[in-house]
Colleague: 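Sharing a structure, written as C-alpha coordinates. Questions coming.
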2 protein chains.
Amino acid sequence: MTDSKDSRHPRAKAVGKRQRLMAAASRVLHEQGVERTTIADIARAADVPVGNVYYYFKTKDELVEAALSEHTGHLEALTGRLDQLPDPRERLKGLVEAWVSGRDTAARYGCPTGTLAVELDKRAEGGLDLAVGHVIRRLLDWVEEQYRQLGMADPEELALALVGAYQGMSLLSNALRDPEIMTREGARLVRWLDGLTEQVNTPGPR
Amino acid sequence: MTDSKDSRHPRAKAVGKRQRLMAAASRVLHEQGVERTTIADIARAADVPVGNVYYYFKTKDELVEAALSEHTGHLEALTGRLDQLPDPRERLKGLVEAWVSGRDTAARYGCPTGTLAVELDKRAEGGLDLAVGHVIRRLLDWVEEQYRQLGMADPEELALALVGAYQGMSLLSNALRDPEIMTREGARLVRWLDGLTEQVNTPGPR
DNA sequence: GTCTATAGTTGGATAGAC
DNA sequence: GTCTATCCAACTATAGAC
(Lines give C-alpha, C1' and ligand atoms only; values in the text may rest on other atoms or scores of the structure.)
Protein backbone atom coordinates (compact mmCIF):
# COMPACT_ATOMS: atom_id res chain seq x y z
CA MET A 1 0.00 0.00 0.00
CA THR A 2 2.21 2.79 -1.17
CA ASP A 3 -0.68 5.09 -2.09
CA SER A 4 -2.43 5.15 1.20
CA LYS A 5 -4.41 8.30 0.64
CA ASP A 6 -5.40 8.12 -3.00
CA SER A 7 -8.79 9.23 -4.22
CA ARG A 8 -9.77 6.61 -6.77
CA HIS A 9 -13.09 5.53 -5.60
CA PRO A 10 -14.46 5.08 -2.10
CA ARG A 11 -13.67 1.40 -2.17
CA ALA A 12 -9.96 1.80 -2.77
CA LYS A 13 -8.81 2.30 0.77
CA ALA A 14 -11.32 -0.13 2.15
CA VAL A 15 -10.07 -2.93 -0.03
CA GLY A 16 -6.53 -2.14 1.00
CA LYS A 17 -7.37 -2.39 4.64
CA ARG A 18 -9.34 -5.56 4.22
CA GLN A 19 -6.43 -7.14 2.38
CA ARG A 20 -3.95 -5.98 4.97
CA LEU A 21 -6.14 -7.42 7.68
CA MET A 22 -6.35 -10.75 5.92
CA ALA A 23 -2.61 -10.95 5.41
CA ALA A 24 -1.93 -9.90 8.98
CA ALA A 25 -4.48 -12.36 10.33
CA SER A 26 -2.90 -15.17 8.37
CA ARG A 27 0.57 -14.37 9.67
CA VAL A 28 -0.21 -13.54 13.29
CA LEU A 29 -2.66 -16.38 13.80
CA HIS A 30 0.00 -18.77 12.56
CA GLU A 31 2.71 -17.38 14.81
CA GLN A 32 0.74 -16.87 18.00
CA GLY A 33 -2.05 -19.37 17.56
CA VAL A 34 -5.75 -18.63 17.27
CA GLU A 35 -6.57 -18.49 20.97
CA ARG A 36 -3.63 -16.38 22.01
CA THR A 37 -4.16 -13.83 19.28
CA THR A 38 -6.39 -10.88 20.05
CA ILE A 39 -8.17 -8.68 17.56
CA ALA A 40 -5.84 -5.94 18.73
CA ASP A 41 -2.80 -8.00 17.73
CA ILE A 42 -4.09 -8.38 14.20
CA ALA A 43 -5.11 -4.73 13.98
CA ARG A 44 -1.66 -3.64 15.05
CA ALA A 45 0.05 -5.95 12.58
CA ALA A 46 -2.17 -4.65 9.79
CA ASP A 47 -1.72 -1.06 10.95
CA VAL A 48 -5.44 -0.56 11.27
CA PRO A 49 -7.09 1.00 14.32
CA VAL A 50 -8.53 -1.62 16.59
CA GLY A 51 -12.13 -0.51 16.61
CA ASN A 52 -12.17 -0.30 12.85
CA VAL A 53 -11.55 -3.99 12.41
CA TYR A 54 -15.16 -4.77 13.14
CA TYR A 55 -16.23 -2.78 10.13
CA TYR A 56 -14.54 -5.37 7.94
CA PHE A 57 -14.94 -8.50 10.01
CA LYS A 58 -17.86 -8.79 12.36
CA THR A 59 -16.34 -11.48 14.57
CA LYS A 60 -13.01 -13.03 15.35
CA ASP A 61 -14.15 -16.19 13.62
CA GLU A 62 -14.56 -14.26 10.40
CA LEU A 63 -10.93 -13.20 10.68
CA VAL A 64 -9.91 -16.80 11.17
CA GLU A 65 -11.95 -17.74 8.14
CA ALA A 66 -10.22 -15.00 6.17
CA ALA A 67 -6.83 -16.32 7.23
CA LEU A 68 -7.87 -19.76 6.10
CA SER A 69 -8.85 -18.47 2.68
CA GLU A 70 -5.41 -16.87 2.46
CA HIS A 71 -3.92 -20.31 2.93
CA THR A 72 -6.20 -21.68 0.25
CA GLY A 73 -5.02 -18.91 -2.06
CA HIS A 74 -1.37 -19.73 -1.45
CA LEU A 75 -2.02 -23.39 -2.09
CA GLU A 76 -3.84 -22.66 -5.35
CA ALA A 77 -1.03 -20.39 -6.45
CA LEU A 78 1.56 -23.05 -5.72
CA THR A 79 -0.23 -25.91 -7.45
CA GLY A 80 -1.00 -23.53 -10.31
CA ARG A 81 2.71 -22.88 -10.80
CA LEU A 82 3.54 -26.56 -10.49
CA ASP A 83 0.91 -27.40 -13.08
CA GLN A 84 3.11 -25.63 -15.61
CA LEU A 85 5.65 -28.42 -15.30
CA PRO A 86 5.17 -31.13 -17.94
CA ASP A 87 5.96 -34.14 -15.76
CA PRO A 88 3.73 -35.17 -12.82
CA ARG A 89 6.72 -36.54 -10.98
CA GLU A 90 8.48 -33.20 -11.28
CA ARG A 91 5.35 -31.51 -10.01
CA LEU A 92 5.38 -33.66 -6.89
CA LYS A 93 9.08 -33.05 -6.38
CA GLY A 94 8.42 -29.34 -6.77
CA LEU A 95 5.79 -29.58 -4.07
CA VAL A 96 8.23 -31.26 -1.69
CA GLU A 97 10.84 -28.63 -2.49
CA ALA A 98 8.34 -25.91 -1.68
CA TRP A 99 7.70 -27.57 1.67
CA VAL A 100 11.40 -27.79 2.43
CA SER A 101 11.94 -24.16 1.49
CA GLY A 102 9.56 -23.26 4.29
CA ARG A 103 11.63 -25.19 6.81
CA ASP A 104 12.54 -22.30 9.08
CA THR A 105 8.96 -21.19 9.48
CA ALA A 106 7.86 -24.78 9.98
CA ALA A 107 10.50 -25.37 12.65
CA ARG A 108 9.43 -22.24 14.47
CA TYR A 109 5.65 -22.27 14.03
CA GLY A 110 4.69 -25.50 12.31
CA CYS A 111 2.80 -25.93 9.05
CA PRO A 112 0.36 -23.01 8.77
CA THR A 113 -2.53 -25.19 7.67
CA GLY A 114 -1.71 -28.13 9.91
CA THR A 115 -1.45 -26.13 13.12
CA LEU A 116 -4.62 -24.28 12.19
CA ALA A 117 -6.37 -27.61 11.75
CA VAL A 118 -5.29 -28.71 15.21
CA GLU A 119 -6.44 -25.48 16.80
CA LEU A 120 -9.75 -25.20 15.01
CA ASP A 121 -10.62 -28.75 15.88
CA LYS A 122 -10.78 -27.69 19.53
CA ARG A 123 -12.82 -24.62 18.65
CA ALA A 124 -16.38 -25.85 18.83
CA GLU A 125 -18.32 -23.09 17.10
CA GLY A 126 -18.80 -22.13 13.51
CA GLY A 127 -17.76 -25.31 11.81
CA LEU A 128 -14.43 -23.72 10.97
CA ASP A 129 -12.83 -27.07 11.72
CA LEU A 130 -14.54 -28.62 8.73
CA ALA A 131 -13.38 -25.74 6.55
CA VAL A 132 -9.72 -26.61 7.22
CA GLY A 133 -10.53 -30.13 6.24
CA HIS A 134 -11.59 -28.85 2.83
CA VAL A 135 -8.28 -27.10 2.26
CA ILE A 136 -6.36 -30.23 3.17
CA ARG A 137 -8.68 -32.31 1.02
CA ARG A 138 -7.88 -30.06 -1.92
CA LEU A 139 -4.15 -30.64 -1.51
CA LEU A 140 -4.76 -34.35 -1.15
CA ASP A 141 -6.78 -34.39 -4.37
CA TRP A 142 -4.13 -32.53 -6.30
CA VAL A 143 -1.42 -34.94 -5.17
CA GLU A 144 -3.63 -37.91 -5.92
CA GLU A 145 -4.14 -36.64 -9.46
CA GLN A 146 -0.38 -36.52 -10.01
CA TYR A 147 0.02 -40.12 -8.90
CA ARG A 148 -2.85 -41.09 -11.15
CA GLN A 149 -1.15 -39.48 -14.11
CA LEU A 150 1.95 -41.44 -13.23
CA GLY A 151 -0.13 -44.58 -13.52
CA MET A 152 0.41 -45.64 -9.94
CA ALA A 153 -1.85 -48.10 -8.19
CA ASP A 154 -3.82 -46.70 -5.26
CA PRO A 155 -3.08 -43.02 -5.82
CA GLU A 156 -5.32 -42.08 -2.90
CA GLU A 157 -3.20 -44.06 -0.49
CA LEU A 158 -0.03 -42.56 -1.90
CA ALA A 159 -1.43 -39.06 -1.52
CA LEU A 160 -2.28 -39.68 2.12
CA ALA A 161 1.24 -40.96 2.69
CA LEU A 162 2.92 -37.98 1.06
CA VAL A 163 0.82 -35.26 2.66
CA GLY A 164 0.90 -37.14 5.93
CA ALA A 165 4.68 -37.27 5.78
CA TYR A 166 4.74 -33.51 5.31
CA GLN A 167 2.44 -32.87 8.25
CA GLY A 168 4.42 -35.28 10.38
CA MET A 169 7.80 -33.81 9.58
CA SER A 170 6.50 -30.30 10.15
CA LEU A 171 5.19 -31.24 13.56
CA LEU A 172 8.40 -33.01 14.59
CA SER A 173 10.53 -30.23 13.21
CA ASN A 174 8.46 -27.75 15.18
CA ALA A 175 8.38 -29.73 18.41
CA LEU A 176 12.14 -30.31 18.31
CA ARG A 177 12.81 -26.85 16.89
CA ASP A 178 14.99 -28.32 14.18
CA PRO A 179 14.64 -27.17 10.55
CA GLU A 180 17.09 -29.84 9.45
CA ILE A 181 14.40 -32.43 9.96
CA MET A 182 12.53 -30.80 7.07
CA THR A 183 15.62 -30.93 4.90
CA ARG A 184 16.38 -34.56 5.63
CA GLU A 185 12.85 -35.84 5.36
CA GLY A 186 12.28 -33.79 2.24
CA ALA A 187 15.35 -35.36 0.66
CA ARG A 188 14.02 -38.77 1.58
CA LEU A 189 10.70 -38.05 -0.09
CA VAL A 190 12.37 -36.75 -3.25
CA ARG A 191 14.55 -39.85 -3.35
CA TRP A 192 11.47 -41.96 -3.03
CA LEU A 193 9.66 -40.07 -5.78
CA ASP A 194 12.67 -40.55 -8.04
CA GLY A 195 12.69 -44.28 -7.48
CA LEU A 196 8.95 -44.64 -7.96
CA THR A 197 8.93 -46.68 -11.15
CA GLU A 198 11.21 -49.29 -9.67
CA GLN A 199 9.22 -49.63 -6.49
CA VAL A 200 6.13 -51.75 -6.26
CA ASN A 201 3.73 -49.17 -4.99
CA THR A 202 3.79 -48.76 -1.27
CA PRO A 203 5.83 -45.85 -0.08
CA GLY A 204 7.41 -47.01 3.08
CA PRO A 205 8.96 -44.41 5.20
CA ARG A 206 12.20 -44.61 3.42
CA MET B 1 -12.59 -43.59 45.23
CA THR B 2 -15.00 -45.83 47.04
CA ASP B 3 -13.60 -44.97 50.43
CA SER B 4 -13.82 -41.24 50.21
CA LYS B 5 -13.66 -40.61 53.91
CA ASP B 6 -11.13 -43.13 55.13
CA SER B 7 -8.75 -42.34 57.91
CA ARG B 8 -5.51 -43.95 56.86
CA HIS B 9 -3.15 -41.14 57.02
CA PRO B 10 -3.62 -37.51 56.07
CA ARG B 11 -2.01 -38.07 52.69
CA ALA B 12 -4.46 -40.71 51.48
CA LYS B 13 -7.22 -38.46 50.23
CA ALA B 14 -4.81 -35.83 49.04
CA VAL B 15 -2.99 -38.25 46.78
CA GLY B 16 -6.28 -39.45 45.38
CA LYS B 17 -7.34 -35.97 44.47
CA ARG B 18 -4.03 -35.09 42.97
CA GLN B 19 -4.14 -38.21 40.83
CA ARG B 20 -7.70 -37.54 39.80
CA LEU B 21 -6.76 -34.02 38.82
CA MET B 22 -3.86 -35.25 36.74
CA ALA B 23 -5.97 -37.81 34.92
CA ALA B 24 -8.76 -35.30 34.35
CA ALA B 25 -6.32 -32.67 33.13
CA SER B 26 -4.81 -35.10 30.68
CA ARG B 27 -8.18 -36.05 29.26
CA VAL B 28 -9.90 -32.67 29.21
CA LEU B 29 -6.90 -30.77 27.89
CA HIS B 30 -6.69 -33.24 25.04
CA GLU B 31 -10.37 -33.00 24.17
CA GLN B 32 -10.91 -29.28 24.55
CA GLY B 33 -7.43 -27.96 23.98
CA VAL B 34 -5.27 -26.09 26.47
CA GLU B 35 -6.60 -22.61 25.82
CA ARG B 36 -10.27 -23.50 25.80
CA THR B 37 -10.03 -25.49 29.02
CA THR B 38 -10.63 -23.65 32.28
CA ILE B 39 -9.49 -24.72 35.71
CA ALA B 40 -13.16 -25.18 36.49
CA ASP B 41 -13.52 -27.69 33.64
CA ILE B 42 -10.74 -29.82 35.04
CA ALA B 43 -12.01 -29.52 38.59
CA ARG B 44 -15.47 -30.65 37.49
CA ALA B 45 -14.08 -33.60 35.54
CA ALA B 46 -12.01 -34.65 38.54
CA ASP B 47 -14.90 -34.05 40.92
CA VAL B 48 -12.86 -31.66 43.01
CA PRO B 49 -14.13 -28.26 44.16
CA VAL B 50 -12.79 -25.49 41.99
CA GLY B 51 -11.04 -23.46 44.61
CA ASN B 52 -9.31 -26.52 45.97
CA VAL B 53 -7.41 -27.12 42.76
CA TYR B 54 -4.93 -24.42 43.62
CA TYR B 55 -3.89 -26.32 46.70
CA TYR B 56 -2.47 -29.03 44.45
CA PHE B 57 -1.43 -27.03 41.43
CA LYS B 58 -0.48 -23.40 41.88
CA THR B 59 -1.01 -22.40 38.25
CA LYS B 60 -2.73 -23.63 35.15
CA ASP B 61 0.68 -24.31 33.64
CA GLU B 62 1.41 -26.77 36.41
CA LEU B 63 -1.73 -28.64 35.45
CA VAL B 64 -0.59 -28.74 31.84
CA GLU B 65 2.77 -30.03 33.01
CA ALA B 66 1.01 -32.71 35.03
CA ALA B 67 -0.99 -33.77 31.98
CA LEU B 68 2.21 -33.98 30.01
CA SER B 69 3.78 -36.25 32.60
CA GLU B 70 0.70 -38.45 32.33
CA HIS B 71 1.46 -38.81 28.63
CA THR B 72 5.05 -39.66 29.45
CA GLY B 73 3.81 -42.30 31.84
CA HIS B 74 1.58 -43.88 29.22
CA LEU B 75 4.42 -43.92 26.75
CA GLU B 76 6.78 -45.55 29.22
CA ALA B 77 4.16 -48.14 30.07
CA LEU B 78 3.62 -48.94 26.39
CA THR B 79 7.28 -49.25 25.47
CA GLY B 80 7.81 -51.21 28.66
CA ARG B 81 5.23 -53.77 27.56
CA LEU B 82 6.65 -53.89 24.06
CA ASP B 83 10.12 -54.45 25.42
CA GLN B 84 8.88 -57.84 26.60
CA LEU B 85 8.66 -58.96 22.98
CA PRO B 86 11.82 -60.74 21.83
CA ASP B 87 11.96 -59.34 18.30
CA PRO B 88 12.59 -55.62 17.62
CA ARG B 89 10.49 -55.80 14.48
CA GLU B 90 7.56 -57.16 16.47
CA ARG B 91 8.06 -54.37 18.97
CA LEU B 92 7.76 -51.78 16.23
CA LYS B 93 4.72 -53.51 14.77
CA GLY B 94 3.21 -53.55 18.25
CA LEU B 95 3.78 -49.83 18.48
CA VAL B 96 1.97 -49.23 15.20
CA GLU B 97 -0.88 -51.46 16.34
CA ALA B 98 -1.18 -49.45 19.53
CA TRP B 99 -1.42 -46.30 17.42
CA VAL B 100 -4.11 -47.79 15.22
CA SER B 101 -6.09 -48.98 18.21
CA GLY B 102 -6.40 -45.35 19.25
CA ARG B 103 -7.87 -44.41 15.88
CA ASP B 104 -11.23 -43.17 17.12
CA THR B 105 -9.70 -40.84 19.64
CA ALA B 106 -7.17 -39.67 17.07
CA ALA B 107 -9.87 -38.98 14.50
CA ARG B 108 -11.84 -36.97 17.02
CA TYR B 109 -9.12 -35.17 18.96
CA GLY B 110 -5.79 -35.93 17.31
CA CYS B 111 -2.72 -37.49 18.88
CA PRO B 112 -2.64 -36.41 22.53
CA THR B 113 1.04 -35.59 22.49
CA GLY B 114 1.09 -34.12 19.00
CA THR B 115 -1.77 -31.71 19.51
CA LEU B 116 -0.31 -30.73 22.85
CA ALA B 117 2.98 -29.97 21.11
CA VAL B 118 1.22 -27.72 18.63
CA GLU B 119 -0.65 -25.86 21.33
CA LEU B 120 2.23 -25.44 23.72
CA ASP B 121 4.42 -24.12 20.95
CA LYS B 122 2.16 -21.09 20.77
CA ARG B 123 2.18 -20.71 24.53
CA ALA B 124 5.15 -18.50 25.16
CA GLU B 125 5.70 -18.87 28.91
CA GLY B 126 7.19 -21.57 31.04
CA GLY B 127 9.17 -23.48 28.46
CA LEU B 128 6.46 -26.12 28.42
CA ASP B 129 6.95 -26.31 24.67
CA LEU B 130 10.44 -27.72 25.18
CA ALA B 131 9.08 -30.27 27.63
CA VAL B 132 6.82 -31.79 24.95
CA GLY B 133 9.86 -32.01 22.77
CA HIS B 134 11.49 -34.22 25.37
CA VAL B 135 8.57 -36.64 25.38
CA ILE B 136 8.66 -36.91 21.61
CA ARG B 137 12.41 -37.28 21.70
CA ARG B 138 12.02 -40.19 24.07
CA LEU B 139 9.70 -41.99 21.65
CA LEU B 140 12.06 -41.24 18.80
CA ASP B 141 14.98 -42.70 20.74
CA TRP B 142 13.11 -45.87 21.57
CA VAL B 143 12.14 -46.42 17.94
CA GLU B 144 15.66 -45.67 16.82
CA GLU B 145 16.97 -48.29 19.19
CA GLN B 146 14.70 -50.93 17.65
CA TYR B 147 15.99 -50.14 14.16
CA ARG B 148 19.50 -50.29 15.45
CA GLN B 149 18.90 -53.74 16.86
CA LEU B 150 17.56 -54.74 13.47
CA GLY B 151 20.87 -53.67 12.00
CA MET B 152 19.38 -51.01 9.78
CA ALA B 153 21.47 -48.23 8.36
CA ASP B 154 20.52 -44.75 9.52
CA PRO B 155 18.17 -45.74 12.35
CA GLU B 156 17.70 -42.10 13.29
CA GLU B 157 16.28 -41.29 9.89
CA LEU B 158 13.99 -44.30 10.01
CA ALA B 159 12.74 -43.31 13.46
CA LEU B 160 11.90 -39.82 12.23
CA ALA B 161 10.03 -41.32 9.31
CA LEU B 162 7.99 -43.71 11.43
CA VAL B 163 7.05 -41.30 14.18
CA GLY B 164 6.48 -38.59 11.58
CA ALA B 165 4.14 -40.90 9.69
CA TYR B 166 2.16 -41.43 12.88
CA GLN B 167 1.90 -37.73 13.61
CA GLY B 168 0.93 -37.03 10.03
CA MET B 169 -1.75 -39.67 9.82
CA SER B 170 -3.18 -38.58 13.16
CA LEU B 171 -3.43 -35.01 11.97
CA LEU B 172 -5.03 -35.96 8.66
CA SER B 173 -7.37 -38.39 10.32
CA ASN B 174 -8.38 -35.67 12.75
CA ALA B 175 -8.76 -32.92 10.16
CA LEU B 176 -10.86 -35.14 7.91
CA ARG B 177 -12.59 -36.80 10.85
CA ASP B 178 -11.86 -40.22 9.42
CA PRO B 179 -10.54 -43.03 11.65
CA GLU B 180 -10.09 -45.25 8.61
CA ILE B 181 -7.07 -43.20 7.65
CA MET B 182 -5.38 -44.54 10.76
CA THR B 183 -6.28 -48.09 9.84
CA ARG B 184 -5.06 -47.81 6.27
CA GLU B 185 -1.86 -45.98 7.03
CA GLY B 186 -1.17 -48.28 9.95
CA ALA B 187 -1.50 -51.29 7.67
CA ARG B 188 0.88 -49.67 5.23
CA LEU B 189 3.46 -49.15 7.96
CA VAL B 190 3.16 -52.73 9.18
CA ARG B 191 3.54 -53.98 5.62
CA TRP B 192 6.64 -51.89 5.27
CA LEU B 193 8.08 -53.14 8.55
CA ASP B 194 7.47 -56.71 7.40
CA GLY B 195 9.35 -56.14 4.19
CA LEU B 196 12.28 -54.47 5.85
CA THR B 197 14.93 -57.13 5.36
CA GLU B 198 14.21 -57.42 1.67
CA GLN B 199 14.71 -53.73 1.17
CA VAL B 200 18.12 -52.47 0.32
CA ASN B 201 19.35 -50.01 2.86
CA THR B 202 22.60 -48.52 1.95
CA PRO B 203 25.05 -51.30 1.23
CA GLY B 204 27.85 -51.67 3.69
CA PRO B 205 28.58 -53.19 7.06
CA ARG B 206 25.42 -54.07 8.82
C1' DG C 1 -16.17 4.95 6.46
C1' DT C 2 -13.21 5.85 10.63
C1' DC C 3 -12.23 5.74 15.33
C1' DT C 4 -12.84 6.14 20.74
C1' DA C 5 -14.72 4.78 24.68
C1' DT C 6 -16.70 1.47 27.10
C1' DA C 7 -19.95 -2.22 28.14
C1' DG C 8 -20.15 -6.99 29.38
C1' DT C 9 -18.08 -11.32 30.21
C1' DT C 10 -14.85 -14.68 31.32
C1' DG C 11 -11.42 -16.87 33.80
C1' DG C 12 -6.89 -17.06 36.45
C1' DA C 13 -5.49 -16.40 40.86
C1' DT C 14 -5.69 -15.06 45.99
C1' DA C 15 -7.42 -14.16 50.78
C1' DG C 16 -9.03 -15.97 54.39
C1' DA C 17 -12.96 -18.46 56.95
C1' DC C 18 -13.59 -23.08 58.43
C1' DG D 1 -6.49 -29.58 54.05
C1' DT D 2 -10.95 -27.76 52.17
C1' DC D 3 -13.81 -24.39 50.18
C1' DT D 4 -16.14 -19.62 49.23
C1' DA D 5 -15.99 -15.19 47.86
C1' DT D 6 -13.84 -12.06 45.33
C1' DC D 7 -10.30 -9.31 43.02
C1' DC D 8 -8.32 -8.18 38.81
C1' DA D 9 -6.74 -8.51 34.10
C1' DA D 10 -7.82 -9.47 29.44
C1' DC D 11 -10.59 -9.60 25.63
C1' DT D 12 -14.71 -9.55 22.42
C1' DA D 13 -17.98 -6.75 20.80
C1' DT D 14 -20.97 -2.57 20.50
C1' DA D 15 -22.61 2.25 20.76
C1' DG D 16 -22.15 6.26 18.95
C1' DA D 17 -19.30 10.67 17.95
C1' DC D 18 -16.94 12.40 14.01
Side-chain angles (χ1 to χ4, degrees), chain A residues 1 3-22 24-25 28-29 31-67 119-120 122-126 128, chain B residues 1 3-22 24-25 28-29 31-67 119-120 122-126 128:
Chain A
M1 304 306 103
D3 45 357
S4 64
K5 206 65 186 179
D6 66 326
S7 52
R8 288 177 213 166
H9 74 129
R11 219 60 221 201
K13 245 190 108 185
V15 172
K17 284 199 182 181
R18 170 168 259 272
Q19 281 173 343
R20 259 150 55 209
L21 282 169
M22 286 182 69
V28 180
L29 288 174
E31 295 177 358
Q32 308 191 344
V34 176
E35 304 295 340
R36 307 283 289 192
T37 298
T38 70
I39 308 273
D41 288 336
I42 298 175
R44 198 176 318 119
D47 199 34
V48 166
V50 226
N52 200 356
V53 172
Y54 284 94
Y55 177 74
Y56 299 97
F57 300 94
K58 276 183 282 295
T59 66
K60 185 178 177 177
D61 266 13
E62 280 189 22
L63 270 168
V64 176
E65 201 175 353
E119 285 198 280
L120 293 186
K122 315 293 189 196
R123 208 175 163 83
E125 317 101 24
L128 265 293
Chain B
M1 300 303 100
D3 46 357
S4 63
K5 207 62 186 180
D6 65 328
S7 52
R8 286 176 213 169
H9 74 128
R11 222 55 224 208
K13 245 190 105 185
V15 171
K17 284 200 181 180
R18 170 169 259 272
Q19 280 173 343
R20 259 148 56 208
L21 282 168
M22 285 183 69
V28 179
L29 288 174
E31 294 178 358
Q32 308 191 344
V34 176
E35 304 295 339
R36 307 282 289 192
T37 298
T38 71
I39 307 273
D41 289 336
I42 298 174
R44 198 175 319 119
D47 198 34
V48 166
V50 227
N52 201 355
V53 173
Y54 285 94
Y55 176 73
Y56 298 97
F57 300 94
K58 275 183 285 295
T59 67
K60 185 178 178 177
D61 266 13
E62 280 190 21
L63 270 167
V64 176
E65 202 175 354
E119 285 197 280
L120 293 186
K122 316 293 190 197
R123 210 175 160 84
E125 317 101 24
L128 264 294

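So that the names make sense, note that chain A is the first sequence line, chain B the second, and so on, each numbered from 1.
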Colleague: Tell me: CZ of F57(B) to P of dG1(D), nearest whole Å?
Modeller: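 To the nearest whole Å, that distance equals 13 Å.
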Colleague: Output the single nucleotide from dC3(C), dC3(D), dC11(D) whose closest atom is nearest the side chain of T38(A).
Modeller: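 Between dC3(C), dC3(D), dC11(D), the one nearest the side chain of T38(A) would be dC11(D).
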Colleague: Is there any protein nitrogen or oxygen under 3.5 Å from a nitrogen or oxygen in nucleotides 13-16 of chain C, and what are the pairs?
Modeller:
{"unit_1": "dA13(C)", "atom_1": "OP2", "unit_2": "K60(B)", "atom_2": "N", "d": "2.9"}
{"unit_1": "dA13(C)", "atom_1": "N7", "unit_2": "Y54(B)", "atom_2": "OH", "d": "3.3"}

Colleague: Could you state the CG-P distance from N52(A) to dA5(C), rounded to the nearest angstrom?
Modeller: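 Atom-to-atom, N52(A) to dA5(C), this comes out as 15 Å.
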Colleague: Are the side chain of E35(A) and the backbone of E35(B) linked by a donor-acceptor contact shorter than 3.5 Å?
Modeller: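 No: the side chain of E35(A) does not pair with the backbone of E35(B).
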Colleague: Show the numbers, then the answer: is there a side-chain contact (heavy atoms from CB on, under 4.5 Å) between E62(A) and Y56(A)?
Modeller: CA-CA 9 Å; E62(A) 280 189 22; Y56(A) 299 97; over 6 Å; no
Colleague: Just the rounded figure in Å: distance from C1' of dA10(D) to CZ of R36(A).
Modeller: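 Roughly 11 Å, once rounded to whole Å.
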Colleague: Between dG1(D), dT2(C), dC3(D), which nucleotide has the shortest distance from any of its atoms to the side chain of Y56(B)?
Modeller: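 Out of dG1(D), dT2(C), dC3(D), the nucleotide with an atom closest to Y56(B)'s side chain is dG1(D).
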Colleague: Just the rounded figure in Å: distance from C1' of dC3(C) to CZ of R44(A).
Modeller: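 To the nearest whole Å, that distance equals 16 Å.
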Colleague: Quick check for you: to the nearest 0.5 Å, what is the distance between I42(A) atom CD1 and T37(A) atom OG1?
Modeller: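 These two atoms lie 6.0 Å from each other.
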Colleague: For the CG atom of L29(B) and the NZ atom of K60(B), what is their distance to the nearest 0.5 Å?
Modeller: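 Output value for this atom pair is 7.5 Å.
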Colleague: Measure from CD on E35(B) to P on dT10(C) and round the result to the nearest Å.
Modeller: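 It works out to 18 Å between those atoms.
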Colleague: Could you go through the side-chain contact (heavy atoms from CB on, under 4.5 Å) check for N52(B) and K17(B) one step at a time?
Modeller: CA-CA 10 Å; N52(B) 201 355; K17(B) 284 200 181 180; 3.3 Å; yes
Colleague: Does Y55(A) make a side-chain N or O approach to OP1 or OP2 of dT2(C) shorter than 4.0 Å?
Modeller: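 For Y55(A), the contact criterion (side-chain N or O under 4.0 Å from OP1 or OP2 of dT2(C)) is not met.
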Colleague: To the nearest Å, how far apart are R123(A) CZ and dT12(D) C1'?
Modeller: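 Roughly 11 Å, once rounded to whole Å.
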Colleague: Answer yes or no: is there an ion pair linking R123(B) with D61(B), defined by an N-O contact shorter than 4.0 Å?
Modeller: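 A salt bridge is present here (some side-chain N lies under 4.0 Å from a carboxylate O).
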